[in-house]
Amino acid sequence: MRKINISFVVLLAIALFIASCGNMATKSGTSVAAIDLKNMDTTANPGDDFYQYVNGGWLKANPIPSTKSRFGAFDVIDEENRAQIKQLVEEGAKEANLPKGSNKQKMADFYASGMDSAQIEKESLTGLKAEFDKIANIKTVADIAKVSGGLYAIGVAPFVYIWGDQDAKNSKNVIAQIYQGGLSLSDRDLYLENDVRSKEIRAGFLKHVSEIFVLLGEKAEKADANAKRILEMETEIAKFSMSRMELRNPLKTYNKMTVEQLVKFTPNFDWKQHFEAMGFAYTGDCNLAQTGFAKGLDKMLKTVSVDDWKIFLNWKLVHSFAPVLSDKFVSSDFDFYGKIVRGKEQNEPRWKRVLDNVSNGLGEAIGQLYVEKYFPPQAKAKMLDLVKNLRIAFAERINQLDWMTAETKTKAIEKLNAIDVKIGYPDKWRDYSKLEIDRKSYIINIIKANRFELEYSFSKIGKPVDRTEWGMTPQTVNAYYNPSKNEIVFPAGILQPPFFNMNADDAVNYGGIGVVIGHEMTHGFDDEGRMFDKEGNLVKWWTDKDSVEFNKRTKLLVDHYNGFNPIDTMHISGSLTLGENIADYGGLTISYLAYQIAQKANPTKEKIDGFTPEQRFFIAYAQVWRQNIRDKELMRRIKEDVHSPGKYRVNGGVFNIPQFYAAFNIKPENKLYRTPEQRPVIW
Ligand SMILES: [Zn+2]
């Protein structure tokens with residue numbers, strides 16, 4: 001299944017540490033060198049290219065595997081976690097007399113159904129037949145919303161994403177969130193721009209869509225015509241979709257209305273029928289995140305013929321399931337999305353693809369077994385200690401700022417103190433008892449898992465917000481800040497080397513996971529996060545003067561990152577990546593100070609492997625970001641990812657930190673040197 005399920009959708013609203021793509025997790029406490037000198041390239045000058053200096057050895061020794069578009073510290077852990085999770089699933093499957101309905105039975109059967117390639121080939125599209133029939137029976141424009149709702153219930157999002165989540169202006173209340181969709185390419189600009197890359201991707205897309213229609217039984221000529229029409233329709237949708245920059249403004253994406261109002265707003269799209277077909281006769285409040293998109297779609301429903309909409313819906317249905325259908329579909333899908341878009345050479349072996357889907361569908365059930373076996377309880381205590389010092393350090397920084405008024409400082413400290421911290425795994429686990437899984441059909445299992453997620457998401461509406469809930473599984477190698485709950489979350493998956501190392505010196509842990517903690521805390525105060533108050537409400541709590549001063553300072557970061565040119569003529573967008581760059585800046589600043597605070601109790605000046613503690617702090621930060629990346633993937637991420645590429649999180653990040661200059665004796669003649677005036681003092 002491509003990742004357009006509900007759990008993915010929820011991630012839209014939260015600030016991730018890295019752009020999500022891997023989804024598995026860990027082992028901490030093993031004896032891994034805190035800093036391995038072999039990974040460095042000490043022939044490079046730290047002031048000219050700190051990333052190369054710290055990571056050059058590793059980059060050379062770790063070429064990108066043929067199945068990956070990039071390979072770095074996160075991916076190494078991901079691979080280890082996959083192997084561990086496979087073992088957990090297989091061990092479970094071997095237990096005699098697994099009770100039917102138990103989590104272990106579900107994991108084992110879900111996995112077995114996905115590994116049964118003969119059955120998947122035999123079944124081919126059978127599992128989707130009911131949906132194809134519904135599309136074939138569409139007679140009028142009014143039928144489209146209804147059929148679209150039915151598709152959404154099984155995990156296909158032809159037009160919009162819908163899920164239950166907090167009202168941005170009332171964090172005690174959960175409402176339906178409606179978010180723009182409709183595009184099969186990962187970015188609106190790919191339809192609208194005329195650079196070589198966009199044109200190549202559009203040409204590949206036409207070929208792929210045509211192949212899919214041939215596989216569905218169309219003649220070549222008709223298949224080509226369908227592909228052309230779909231590209232035209234999606235191009236029209238792209239034109240009224242919000243850009244990535246606009247999407248970063250929470251005020252622009254807040255438009256609360258009732259279902260009645262929605263129906264009036266877009267008279268050609270019957271939301272009531274859509275909700276009903278999803279399985280919920282929903283009448284409550286909704287947030288229509290992109291009103292321009294909804295208006296555009298409404299108009300388009302009338303101008304495009306019903307026959308064309310049927311082609312469009314057939315495409316969306318197959319497109320969503322292509323990665324899990326029979327081999328021909330999987331290959332065509334990979335040849336386009338894997339090879340042409342991301343530069344991969346080979347698809348992942350079946351077991352990894354299947355395991356990822358099982359881990360998606362039964363995330364916390366697997367997570368529970370995972371943390372029992374691989375997450376040491378001491379790790380949580382150590383993390384709490386780090387968080388405590390990070391919070392003290394952040395408060396100290398806020399208090400000493402000369403640009404912020406006392407009024408806003410008081411509220412900032414209140415918000416900082418209110419940040420909720422989640423570490424490792426949830427206190428209570430999700431209940432999967434209503435999800436039925438057996439060995440008969442992989443597709444049906446995926447459909448059931450998707451429906452189960454949707455029901456779970458909608459079940460939150462109208463109930464008090466559950467602040468104990470997690471937006472990521474424990475096995476995920478990532479972390480996040482959720483502005484609506486004012487919380488920072490660190491799954492067990494990221495709590496292992498090189499991020500977190502129980503056996504490492506403090507400097508290394510503060511430079512690694514300490515910066516991650518500071519990064520997530522800073523998201524509460526970045527250009528987006530600062531618009532939410534301590535309870536997670538979208539409300540103005542800054543004075544205008546403070547906002548002006550803040551923007552003046554962050555502008556330095558925009559200019560700094562705009563200057564980076566990772567490939568060809570493509571530059572990083574300092575505006576698109578601003579929130580993340582502020583968070584990296586804040587993470588480094590705050591964690592460095594937190595390390596000094598920790599040192600007071602337990603001072604050490606000793607060098608390890610020839611490096612001072614201060615140097616080890618920055619080396620530890622830089623080694624987190626080691627990664628090789630394919631050109632195509634790099635280009636894609638420059639356009640789409642709100643995070644700067646790893647190399648620039650290092651070479652951009654540390655050169656704004658005064659203590660880095662002192663630690664490595666950086667001089668004005670060094671290539672990456674920035675004058676004190678160029679370095680912002682934000683936090
Ligand atoms: Zn972030």
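These figures come from a predicted structure and were not determined experimentally. Index from 1, following the sequence. Start at 1 and go down the list; that is how both ligands and their atoms are numbered.
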- Note on the structure: So the angle subtended at the Zn ion (ligand 1) by L16 atom O and H519 atom NE2, rounded to 10 degrees, is 130°

- Message: Check the orientation of Y425 and W429. Use parallel for under 30°, tilted for 30 to 60°, and perpendicular for over 60°.
- Response: parallel

When the side chains of residues 511-518 are checked against the rest of the protein, which donor-acceptor pairs come out under 3.5 Å, sequence neighbours left out?
none

- Could you tell me if the ring centre of Y53 sits under 6.0 Å from that of W58? no

- Residue pairs passing the salt bridge (charged side-chain N to carboxylate O under 4.0 Å, His left out) test with at least one member in residues 476-501, sequence neighbours excluded, are K422-E487, E469-K485

- Item | Name of the H523 atom (N/O/S only) found closest to the Zn ion (ligand 1) | NE2

- Message: Counting backbone and side-chain atoms alike, is an N, O or S atom of E580 positioned under 2.8 Å from the Zn ion (ligand 1)?
- Response: yes

